[in-house]
Amino acid sequence: IAGKLNLENNKIINKYFIDKNIILTGELSSKEVARQLSELDLYLHLPPTHSENIWTGSSTKSGTLAAAMGMGLPIIGSCGELMDDFLNKKNGYWLEHLTEENLRKAIVFLMENEALRKELGAGALAAYQRELAWDKIAAKYLKLF
């Protein structure tokens, strides 16, 4: 798990999932993030659950979420006000309520369901190519001017 974890997410991970298959890395360089992502079976995107009464949700404003999508990884994330419109059940497993129990169940469910992981990974890659590839971003940016 790369990056800084807020206290709530850190407690969930330590309580349920720390074992030989999970590594907490702290912050990493872009090159190291890509290397680490290439080793994953599943990507968890755990943004802060709320900030000043706004349920943030998963957003590709997070560079690592966009990178995980671009690598075709199946994603578990959370719904919220900042969640991108194109994130849906075809490209990720999005939790309406990010709780310890919901997160645990989602991880176990996807780890036991290889076909769904592959389907969600393919959906994530397709969404990335349609919405987030550099040529798409550049075209959207140029339309602003």
Side-chain angles (χ1 to χ4, degrees), residues 1-51 53-141:
I1 298 172
K4 293 181 182 178
L5 293 175
N6 67 31
L7 185 58
E8 178 183 335
N9 290 335
N10 200 22
K11 286 179 185 177
I12 292 170
I13 291 162
N14 283 319
K15 184 175 180 179
Y16 290 106
F17 300 110
I18 295 300
D19 66 20
K20 65 182 180 200
N21 296 316
I22 295 180
I23 301 166
L24 300 173
T25 66
E27 292 189 37
L28 301 171
S29 68
S30 296
K31 185 176 181 180
E32 187 61 17
V33 167
R35 190 188 75 70
Q36 294 281 340
L37 286 174
S38 72
E39 305 270 335
L40 299 179
D41 295 315
L42 178 65
Y43 178 79
L44 303 178
H45 187 254
L46 303 174
T49 53
H50 68 82
S51 173
N53 297 320
I54 296 173
W55 291 93
T56 57
S58 294
S59 168
T60 56
K61 292 167 189 65
S62 161
T64 54
L65 176 58
M69 292 178 73
M71 295 184 79
L73 287 169
I75 298 163
I76 294 175
S78 62
C79 298
E81 294 184 27
L82 300 180
M83 186 175 179
D84 299 279
D85 292 340
F86 62 85
L87 298 179
N88 58 56
K89 65 182 181 178
K90 293 180 181 180
N91 55 39
Y93 197 92
W94 310 107
L95 301 171
E96 289 289 329
H97 302 285
L98 182 58
T99 66
E100 292 178 18
E101 187 61 16
N102 287 347
L103 180 59
R104 184 191 67 75
K105 285 179 179 179
I107 291 170
V108 171
F109 178 71
L110 283 183
M111 290 310 295
E112 291 177 348
N113 194 331
E114 183 178 356
L116 182 57
R117 283 198 320 271
K118 286 182 179 182
E119 184 180 321
L120 292 175
L125 179 57
Y128 175 86
Q129 291 170 336
R130 188 177 59 252
E131 302 286 340
L132 299 169
W134 282 114
D135 60 327
K136 307 296 184 194
I137 297 294
K140 289 176 187 177
Y141 185 74

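- Ion pairing between a basic and an acidic side chain is recognised when a charged N comes within 4.0 Å of a carboxylate O; Glu131 and Lys140 show such pairing.
- Looking only at distances, no side-chain donor or acceptor of Trp94 sits under 3.5 Å from a matching main-chain atom of Leu87.
- Counting all heavy atoms, side chain and backbone alike, Leu37 lies closest to Ala67 at CD1-CB, 3.7 Å.
- For Tyr43 and Thr64, the side-chain atoms include at least one donor-acceptor pair closer than 3.5 Å.
- Here OH of Tyr128 is found 10.5 Å from CZ of Phe86. Values are rounded to the nearest 0.5 Å.
- Nearest heavy atom pair, residue Leu65 against residue Ser59, reads CD2-O, 3.3 Å.
- Of the charged side-chain nitrogens involved, at least one lies within less than 4.0 Å of a carboxylate oxygen, so that Lys118 and Glu114 count as a salt-bridged pair.
- No more than 12 heavy atoms of other residues, nucleotides or ligands shown are found within 6.0 angstrom of CD on Glu96.
- Counting heavy atoms from C-beta outward, Ile107 and Ile76 have side chains that approach closer than 4.5 Å.
- Glu39 and Arg35 make their closest contact through CG-O, 3.4 Å (heavy atoms, listed as atom of the first residue, atom of the second, distance).
- When all heavy atoms of Leu132 and Ala66 are compared, the closest pair comes out as CD1-CB, 4.1 Å.
- Interatomic distance, CE of Met69 versus CD1 of Ile75, reported as 5.0 Å (0.5 Å rounding).
- More than 12 non-hydrogen atoms from other residues, nucleotides or ligands lie less than 6.0 angstrom from NZ of Lys61.
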